[in-house]
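Here is the structure we will look at.
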Amino acid sequence: PILEQAFNVFVTSGSSALTIVVNSRFRTLNFTGSSCTFVASGGSVYCQTLILGSAASYTGLPGLTGQLVMNGAGSITSNGKTLGKLNITQQYDTSAITTLNDALTCSDRITITGGVISSAYNITALYFLANTAANQELRSTNNIYLTLTGTSASAGASGVFGGISGGYLVISAGIVISLTAATAKNSVQPTGFSFTAGTTQTVTNFTLSGISGSLVTLTSGTPSTQYSLSKSSGTVSAAYLSIRDSNATGGASWYAGVNSTNVSNNTGWIFTAPPTATATGNFFLFF
């Protein structure tokens with residue numbers, strides 16, 4: 001595996017700039033106690049566990065032209081420092097988990113090409129990239145906010161869900177999101193979606209549904225102020241939702257189902273089951 005013969009590096013003191021070259025590989029990269037400036041020369045820096053020192057400063061982690069690649073089961077402790085591009089790439093164990101030990105902010109994208117990010121803390125990034133594979137997942141152990149500071153245009157692709165190019169974000173448990181979505185999907189219940197008040201979230205697919213006793217909650221970031229969900233055509237068929245401050249629009253028919261809860265201040269939603277499709281054709285009777 002790529003990190004089998006990598007080093008554990010501990011930078012415990014000093015204030016000089018530390019330059020890390022392209023394709024360097026570390027099991028552990030720990031800056032606790034140092035006040036150095038961490039500079040990457042571009043390309044990718046591979047790591048399993050990263051601990052940033054609270055007194056250190058970081059320039060381009062790992063640089064505007066590179067990315068930090070987390071490979072293997074490990075963790076990230078950012079100590080309030082901002083990372084650049086972050087890639088979770090579990091090449092040899094696609095079920096491996098990278099755990100966040102505190103809130104994470106990335107000035108660029110977060111990409112999952114294999115494995116899981118597990119967090120009980122909020123995550124902020126320019127945008128989020130993942131494919132539809134089951135082993136590419138953001139998992140939470142607490143209610144968290146995933147805040148994306150970019151737009152779909154900055155993802156460089158159309159049809160994005162929070163910047164996820166050609167895929168969707170798997171909502172594992174308790175994740176609260178505020179973003180523009182093209183495909184909205186949840187994998188377990190209960191979970192919550194909090195949309196920014198006054199915005200329109202445009203979707204091409206909407207498959208959010210809960211189960212009896214475990215609803216999927218849709219709310220506004222500003223209570224009593226609506227957000228809009230827009231789908232241009234077709235029929236949305238959902239179930240076991242708890243909806244507040246939502247305007248369903250865009251041309252589609254939005255059916256929440258008979259088991260969803262119309263909490264307050266909702267427009268456009270139909271709290272019945274969608275109509276059953278009926279066959280049409282000609283009937284001929286011969287004698």
Side-chain angles (χ1 to χ4, degrees), residues 1-93 96-130 138-142 144-150:
I2 199 166
L3 293 173
E4 256 188 5
Q5 299 177 354
F7 291 102
N8 294 313
V9 175
F10 297 85
V11 183
T12 59
S13 62
S15 57
S16 300
L18 175 64
T19 300
I20 297 181
V21 299
V22 176
N23 293 327
S24 296
R25 289 162 168 80
F26 305 93
R27 282 186 180 274
T28 299
L29 189 55
N30 188 337
F31 289 87
T32 301
S34 74
S35 57
C36 69
T37 300
F38 173 25
V39 181
S41 60
S44 296
V45 174
Y46 295 84
C47 191
Q48 190 167 343
T49 293
L50 174 69
I51 303 173
L52 302 182
S54 59
S57 60
Y58 303 90
T59 301
L61 181 56
L64 297 177
T65 60
Q67 62 182 346
L68 177 68
V69 179
M70 303 301 294
N71 199 333
S75 64
I76 299 174
T77 303
S78 62
N79 269 313
K81 305 304 180 190
T82 298
L83 281 69
K85 296 178 185 177
L86 175 64
N87 190 359
I88 307 299
T89 305
Q90 306 298 358
Q91 296 171 296
Y92 303 98
D93 180 6
I97 297 174
T98 297
T99 301
L100 303 186
N101 293 325
D102 53 11
L104 175 66
T105 299
C106 291
S107 61
D108 207 296
R109 74 196 70 179
I110 296 175
T111 304
I112 303 180
T113 55
V116 173
I117 297 177
S118 178
S119 179
Y121 304 93
N122 295 338
I123 299 172
T124 301
L126 183 65
Y127 53 94
F128 200 101
L129 298 169
L138 172 59
R139 183 180 299 168
S140 84
T141 55
N142 192 12
I144 69 171
Y145 284 89
L146 172 62
T147 302
L148 303 176
T149 58

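The structure places CZ of Arg25 at 12.0 Å from SG of Cys47, a figure rounded to the nearest 0.5 Å. Separation of atoms SG (Cys106) and CG (Leu86) is listed at 5.0 Å; rounding is to 0.5 Å. To the nearest 0.5 Å, atoms OG1 (Thr99) and CE (Met70) are separated by 9.5 Å. Interatomic distance, Leu29 CG to Phe10 CZ, rounded to the nearest 0.5 Å: 9.5 Å. Rounded to the nearest 0.5 Å, atoms CG (Asn101) and CG (Leu52) are 11.0 Å apart.
For the side-chain contact (heavy atoms from CB on, under 4.5 Å) with Leu50, the qualifying choice from Leu68, Val45, Thr77 is Leu68, the only one to do so. The one candidate from Asn87, Thr124, Leu104, Leu83 that meets the side-chain contact (heavy atoms from CB on, under 4.5 Å) condition with Ile110 is Leu104.
The shortest non-hydrogen separation linking Asp108 to Ala125 is O-CB, 3.7 Å. Residues Ser118 and Ile97 share a closest heavy-atom pair of CB-CG2, 3.6 Å. Considering every non-hydrogen atom in both Ala73 and Ala96, the closest pair reads N-CB, 3.8 Å. For the residue pair Ser78 and Ala103, the shortest heavy atom distance occurs at OG-O, 2.9 Å. Between Ser107 and Gly84, the shortest heavy-atom contact is OG-CA, 3.6 Å.
Using a distance-only test at 3.5 Å, with no hydrogens or angles considered, no donor-acceptor pair links the side chain of Asn8 to the main chain of Arg27.
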Working note: Thr89 + Asn71, criterion side chain to side chain donor-acceptor pair (under 3.5 Å); need CA distance, chi angles, decisive distance, verdict.
CA-CA 5 Å; Thr89 305; Asn71 199 333; over 6 Å; no
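For Thr32, the side chain to side chain donor-acceptor pair (under 3.5 Å) partners are Asn30, not counting sequence neighbours.
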